[in-house]
Visitor: 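Got a structure here, written out as C-alpha cells. Questions coming.
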Amino acid sequence: MTGDRDAGDDPDDGTARPRLAELRETETVYQPAEDSRLLADAVVETVDAGDRLLDVGTGSGYVAARAREAGAHVVGADLNPHACRQAAAAGVPVVRADLTTAFRAGAFDLVAFNPPYLPTAPEAEWADWMERALSGGEDGRAAIEPFLDDTARVLAPGGAAFLLVSTLTDPEAVREYAAARGLSATEVAGESHPFERLLVVRFTSAGD
Amino acid sequence: MKEDLMDIICCPVDKHELELDVEERDDEEIMEGTLTCTECGEVYPIEDGIPNLLPPDMREEAPA
C-alpha cells in the first residue's frame, strides 16, 4: 500500500477504489485457484441433490458455492474470521471452526477439504492469515493429519471425504496415515502443474 | 446463522449439544447470541451472524 491514496480523492466516494475492508479481506483470504477448481469439479461430479456437504477451510466459499449450485445443502467452516465473512457474503452458511471438530457425528454425506499444504520452515509459519491458508508445516501435512483423525466421525454411513493432495506433501504418506485410521483412499482426479501434481483423493470408512 | 444449523453443530470440546440464546435476529438469520454447551457449560459467541465454535484455547489466537 502506498501513500498516494488521498491525492485528489473524495473521502466519501467509496466507488473509485476498493474499500479498505474489502482490500484487506482479499489479502487475508485464499482466493480460488487451480486446486480449488480441481476439488470443486470432483465434488460436483459426485454430489447428489439434497446431499449434506461440509466444506472445511472454505476460504472464499468457492467449493461450497459450487456444490450448492449442484443441489447440495452446504455448510462452510474456517479458522480465519475474514474467510468466514467472505464465505457468508457469498451466501454460504458458515461456522468459525477448527476442521470438523464442531460438527455432530454422522451429520454429512460429503466433506471437502482443500488444505494448507505447502511445506514450510517452522520460523516462517503462521505469521498471518494468508500464511495460515497456505502453510502445511514442515512436511505439508500439519492440517491434513488432524483432518483425517476426525473426518470419519462426521460422515454418515456411506459418506465420503474429498481431500486435495499435492505431490509436495507425499500422497503415499497421506494414504498410509488414513489407512491406519480405517480410511480407504481412491484417487478420483489429477492435474499436473509445473512444480507439483494435484490429486483429489476420496476417502471412505473401510467398513462402508 | 439460521436455526437449522443447530441440527449439525456441537461443542467442539466434548461433542455435546448446544443451547441457543438469541440476542438479535434479522428475519430467519440469527445475528447475535450465544451457544452454550449443555454438558461443560462453555459459551460460544454468535457475532455478525457467524457462530464461533473454535475451542476456547484457539479462540484468542489471531494472526495479523
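Here is the naming used below: chain letters follow the sequence lines, and residue numbers restart at 1 for every chain.
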Visitor: Report yes if some heavy atom in the side chain of A:V95 is under 4.5 Å from a heavy atom in the side chain of B:I50; otherwise report no.
Guide: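 In short, these two side chains do not touch, never coming nearer than 4.5 Å.
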Visitor: Heavy-atom pairs under 4.5 Å with chain B are the metric here; pick the option from A:N80, A:T100, A:L54, A:V94 that has the most.
Guide: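 Winner by heavy-atom pair count: A:V94.
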Visitor: Is the CD atom of A:E34 crowded by more than 12 outside heavy atoms at less than 6.0 Å?
Guide: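 Counting other residues, nucleotides and ligands, CD of A:E34 exceeds 12 neighbours.
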Visitor: Sort A:R52 into side chain, backbone, both or neither according to what part of it lies under 4.5 angstrom from a heavy atom of chain B.
Guide: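 Contact with chain B involves no heavy atom of A:R52 at all.
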Visitor: Is there a side-chain contact between A:R96 and B:E47 in this structure, where contact means two heavy atoms from C-beta onward sitting under 4.5 Å apart?
Guide: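 A side-chain contact under 4.5 Å is absent here.
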Visitor: Okay, side chain of B:K15, backbone of A:F103: is any donor-acceptor separation there less than 3.5 Å?
Guide: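 A pair under 3.5 Å: no.
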Visitor: Examine whether an atom of B:D48 lies under 4.5 Å from a heavy atom of chain A, and if so say whether it belongs to the side chain, the backbone or both; otherwise answer neither.
Guide: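 Neither part; nothing is under 4.5 Å.
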Visitor: Between B:C11, B:C10, B:P12, which shows the greatest number of heavy-atom pairs under 4.5 Å with chain A?
Guide: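 The answer is B:C10.
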Visitor: Under 4.5 Å, counting heavy-atom pairs only, tell me which of B:I8, B:I46, B:I9, B:L18 racks up the most with chain A.
Guide: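 Maximum pair count with chain A is reached by B:I8.
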Visitor: With a 4.5 Å cut-off on side-chain heavy atoms, are A:L79 and B:M58 touching?
Guide: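 Yes, side chains in contact.
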Visitor: Can you confirm whether B:E17 is buried at CD, in the sense that more than 12 heavy atoms of other residues, nucleotides or ligands lie under 6.0 Å from that atom?
Guide: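 No.
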Visitor: At a heavy-atom separation under 4.5 Å, does B:L5 approach chain A through its side chain, its backbone, both, or neither?
Guide: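 The side chain, not the backbone.
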Visitor: Under the side-chain contact (heavy atoms from CB on, under 4.5 Å) rule, what do A:R104 and B:D7 come out as? Steps first, then yes or no, please.
Guide: CA-CA 8 Å; A:R104 291 199 196 186; B:D7 296 338; 5.6 Å; no
Visitor: Near A:E45 CD, under 6.0 Å, is it more than 12 heavy atoms from other residues, nucleotides or ligands?
Guide: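 Check fails, neighbour count at 12 or below.
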